[in-house]
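Structure, as structure tokens:
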Amino acid sequence: MNISNIFRNNRRKVTAKQIAAAILFAACVIFIWHNSMEAASISSVRSGRVTKAVNEWLTGGEKIIIYERSIRKAAHFLEYALEGGLAVLLFEAYHLSLRRHIGTAALMGLFTALIDETIQLFSTGRDGSVLDVWLDFGGFAFGLLLGVLCGYVKKYGMHRSVGRNRKRETEPD
């Protein structure tokens, strides 16, 4: 199946898994872009709360060891890692080889990041950053890799280890 036919599938019916994967992926992208549309003052309040909670958890509230900027960058990385993982699910749901379509997957993450930073150029008190595009894309690539590794373990890792254990148990002493 060609990537251009992802939503135009004439041979088979679209399954619930395909619809769910597409909705989850789209919801993640919308969540990312929605966060970028917020004014800096609103975003800063949320980041400040998270920073305070993390510092209280780590130090009992005695001192600041994690700064708001670090929390913001970690949040960017993590939301894009989620998008990368959901991209793996999307490709699997539509029976598309990630190996064959890795360029398409990479462009999905890159375009999301570029549009995200462009949105920030028009949000009150915010600005886009090329460094953030790289950070976002790195998060996407990490999520993609993690998703592929989880799929590999699910498909091969568990079956191989179970097979080895059975063989050892049935071998004569």
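Just so you know, residue 1 is the first one in the sequence shown, and it goes up from there. Remember, it's a predicted structure, so these values are computed and weren't measured experimentally.
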- Message: If the condition is side-chain hydrogen bond (donor to acceptor under 3.5 Å, both in side chains), which residues does Glu92 pass it with, not counting sequence neighbours?
- Response: none
- Task: Evaluate the side-chain proximity of Ile102 to Leu144: yes if any heavy-atom separation is below 4.5 Å, no if none is.
- Result: yes
- Query: Considering residues at least two apart in sequence or located in another chain, which fulfil the side-chain contact (heavy atoms from CB on, under 4.5 Å) criterion with Leu58?
  - Reply: Val54, Ile65, Ile66
- Task: Measure the shortest side-chain to side-chain distance between Val29 and Ile115 over non-hydrogen atoms and say whether it is less than 4.5 angstrom.
- Result: no
- Assess the side chains of Glu83 and Thr112: does a donor N or O sit below 3.5 Å from an acceptor N or O? yes
- Task: Could you pull out the closest heavy-atom pair between Tyr80 and Asp136, with the gap in Å?
- Result: CB-O, 3.2 Å
- Task: Please identify each residue that fulfils side-chain hydrogen bond (donor to acceptor under 3.5 Å, both in side chains) with Ser47, with sequence neighbours left out.
- Result: Arg72
- Can you name the nearest heavy-atom pair linking Ala105 to Leu98, along with the distance? CB-CD1, 3.8 Å
- Return the set of residues passing side-chain contact (heavy atoms from CB on, under 4.5 Å) with Ser44 (not counting sequence neighbours), or none when no residue passes. Glu68
- Quick one: do Val133 and Leu110 satisfy side chain to side chain contact (heavy atoms under 4.5 Å, CB included)? Show the steps, please. CA-CA 8 Å; Val133 172; Leu110 184 60; 4.0 Å; yes
- Can you list the residues that meet the side-chain contact (heavy atoms from CB on, under 4.5 Å) rule with Ile23, with sequence neighbours excluded? Ile19
- Contact list for residues 114-142, test ring pair (Phe, Tyr, Trp, His ring centres under 6.0 Å), sequence neighbours left out: Phe77-Phe142
- What heavy-atom pair brings Ala21 and Ala93 nearest, and what distance separates the two atoms? CB-CB, 3.8 Å
- All pairs passing salt bridge (charged side-chain N to carboxylate O under 4.0 Å, His left out) where residues 25-47 contributes a residue, at least two apart: Glu38-Arg46
- Leu121: partners by side-chain contact (heavy atoms from CB on, under 4.5 Å), with sequence neighbours left out: none
- Out of Leu82, Leu86, Ile30, Leu89, which one pairs with Phe25 under the side-chain contact (heavy atoms from CB on, under 4.5 Å) rule? Leu86
- What pairs of residues pass the salt bridge (charged side-chain N to carboxylate O under 4.0 Å, His left out) test when at least one of them lies in residues 123-133, not counting sequence neighbours? Lys73-Asp132
- Note on the structure: Correct closest heavy-atom pair for Val14 and Tyr94 would be CG1-OH, 4.3 Å
- Task: Identify whether Phe91 and Leu146 are in the same connected component of the hydrophobic contact network (ILVMFWY, side-chain heavy atoms under 4.5 Å).
- Result: no
- Query: Can you list every pair that meets side chain to side chain donor-acceptor pair (under 3.5 Å) and has a residue in residues 50-61, with sequence neighbours left out?
  - Reply: none
- Just how far is it from atom CG of Asn35 to atom CD1 of Ile42, taken to the nearest 0.5 Å? 11.0 Å
- Between His76 and Gln120, what is the shortest heavy-atom contact and its length? CE1-NE2, 3.7 Å
- Query: Going hydrophobic residue to hydrophobic residue with side-chain gaps under 4.5 angstrom, can you get from Leu114 over to Leu135?
  - Reply: no
